[in-house]
Protein chains: 2
Amino acid sequence: MSTALSPAEHRKAQRRNEIVRAATRLFADLGYAACEMDRVAGELGIAKGTLYLYFNGKQELFLACVDQGMQDLQTALEQVVVPDNDPFRRIAQSIWRFLQFFDENPQHIELLIQERAIFRDRPQPTFFVYRDARRSRWRDFYQQLMDSGRIRTDLAIDDLLDSIGNLLYGTMFTNYFVGRSVPLCQQYKAVVEFTFRGILSEGERERLTGIACQDW
Amino acid sequence: MSTALSPAEHRKAQRRNEIVRAATRLFADLGYAACEMDRVAGELGIAKGTLYLYFNGKQELFLACVDQGMQDLQTALEQVVVPDNDPFRRIAQSIWRFLQFFDENPQHIELLIQERAIFRDRPQPTFFVYRDARRSRWRDFYQQLMDSGRIRTDLAIDDLLDSIGNLLYGTMFTNYFVGRSVPLCQQYKAVVEFTFRGILSEGERERLTGIACQDW
DNA sequence: CAAGAATGACTGACCAGTCAGTCATGACGT
DNA sequence: ACGTCATGACTGACTGGTCAGTCATTCTTG
């Protein structure tokens, strides 16, 4: 992003941003259908027609809001820095950032739901576009951990990544839909412990093998 | 459910069911908004007005579809029977049934999304109503496993149940949104292994303690 | 021939998107 | 300094299409 913008362009971009911010709140509060363009305009104290100078239509405005949200998430995840580069700290802290982000920005969850419910024909929900962009770096990262024998090698890396990702994805939605019953930090600890060690006791780990058969 | 229904009532109930079945498919295929009452009627070869003899409105019809889906899930989960009552088999098989059900009935996932996106003011999404109804039995079940030292006791039962539930919930949605890249049975095995043992290697388990701190 | 079931044309509310018109600003000429 | 004009950002009344729900009428059945 260069700053080589004329003052006019700059103002325009800024205004566009204000619109996105206001629209995000209203879309999340009211849902896509019930959030009329008139209302977005009213909220900003401008006329409806003006919105169409910045966006080609309601759908484009909405998708701009979703995208902004996922960019904010991306930014939050990139702020993860671990002092001595401890890989497990890096995992734990990324989990923390993810849960914290959506705890603080529930409106973005609502937009993800609305997006999927209403624009059903889109090739891929925005969340997964961004998720996939992060994927290859995580894959390399886990590969190193496997090579150095620090995580188990009897499961495919992609299956591991999927499980962790799905656990977080599900946690985010559930928190939003029915609320957390415990403080975020406790939930975070539970998620990390579950991810690292699973549910079995130490004694049972040795006894139990190959439970996942399918003789039913 | 008694069978003490007059033939007329019976016919009525049956017809109602046919409507729900057809509407489920159309709601899932088209989304709530784009699925007009006219179309549901047309699909069944009846007039729109007839639908209003069976349901008070579009919303009621839709919610009946969602509820039917969750009842079907409930039925599928109740079919879990384990020969020698092995608790871990019971867990594994329930996971299997859950994943399999939504793999075979993706339309019900779509309805869950639509429900949450459009009826935002409902007290609780239908999925969680049914989930909560199953909860206490699972809590007792896990309590026994803890008491007998077969699962770890350093995490709260509800946190464990939440993690497992969220993992499955997230997996279901992700499968539906972007598809599985591996066969269902492989995914199932990965989920079960992850749930039981987590990601750490055996060597690392001993070394690593208390990673989930929050000094950031 | 009731009585209830089914019909489908009709209504009224709703709202995204349009576009003819207004207005603030600033540039230019006198 | 002042009037004139050009620009384009902004406005908001209006249109056209959509669709849930209604109800007077027709059909079916016991």
- Query: Is the closest side-chain heavy-atom distance between A/Glu43 and A/Leu26 below 4.5 Å?
  - Reply: yes

- Which part of the nucleic acid, if any, lies within reach of A/Tyr54 when heavy atoms closer than 4.0 Å are counted: base, sugar-phosphate only, or nothing? sugar-phosphate

- So how far off straight is the helix from C/dC1-D/dG30 to C/dT30-D/dA1, going by the axes through five pairs at either end, to 10°? 0°

- Query: Any side-chain heavy-atom pair from B/Thr126 and B/Arg122 closer than 4.5 angstrom?
  - Reply: yes

- Item | First and last nucleotide of DNA chain D, 5' to 3', lying under 4.0 Å from heavy atoms of chain A | D/dC10 to D/dG12

- Query: More than 12 non-hydrogen atoms from neighbouring residues, nucleotides or ligands closer than 6.0 Å to CD on B/Gln144, yes or no?
  - Reply: no

- Separation of C/dA13 C1' from A/Glu36 CD (nearest whole Å): 13 Å

- Rounded to whole Å, OH of A/Tyr52 lies from P of C/dC15 at a distance of 13 Å

- Message: Closest-nucleotide mapping onto DNA chain C: is B/Gly49 or A/Gly57 further toward the 5' terminus? I mean the 5' end.
- Response: B/Gly49

- Task: Starting from P on C/dC15, measure out to CD1 on A/Ile118 and report it in whole angstrom.
- Result: 14 Å

- Answer yes or no: is there a side-chain heavy-atom contact under 4.5 Å between B/Trp138 and B/Arg135? no

- Query: Would the A/Tyr176 and A/Phe102 ring centres measure less than 6.0 Å apart?
  - Reply: no

- Query: Between C/dC15 atom P and A/Lys58 atom NZ, what is the distance in whole Å?
  - Reply: 8 Å

- Task: Quickly work out the B/Leu51 CG to C/dT7 P distance and round it to whole Å.
- Result: 9 Å

- Query: Heavy atoms under 4.0 Å, any strand shown: does B/Arg15 hit a base, just sugar-phosphate, or nothing?
  - Reply: sugar-phosphate

- Query: What is the distance from CZ of B/Arg16 to P of C/dA5, rounded to the nearest Å?
  - Reply: 15 Å

- Item | A/Phe128 ring center near A/Tyr169 ring center (under 6.0 Å) | yes

- Message: Need to verify one output field. Residue with the more 5' nearest nucleotide on DNA chain D, B/Asp38 or A/Ile46?
- Response: A/Ile46

- Figure out the CG/C1' separation between B/Leu44 and C/dG8, and round it to whole Å. 16 Å

- The nucleotide from C/dA16, C/dA6, C/dG8 with an atom nearest the side chain of A/Lys48 is C/dA16

- Task: Examine B/Phe177 together with A/Phe127 and report whether their ring centres are nearer than 6.0 Å.
- Result: no

- Task: Validate the cation-pi geometry between A/Lys58 and A/Phe27: distance from NZ or CZ to the six-membered ring centre under 6.0 Å, angle to the ring axis within 45°.
- Result: no

- Item | Heavy-atom closest contact (B/Phe55 atom, B/Ala64 atom, distance) | CE2-CB, 3.9 Å

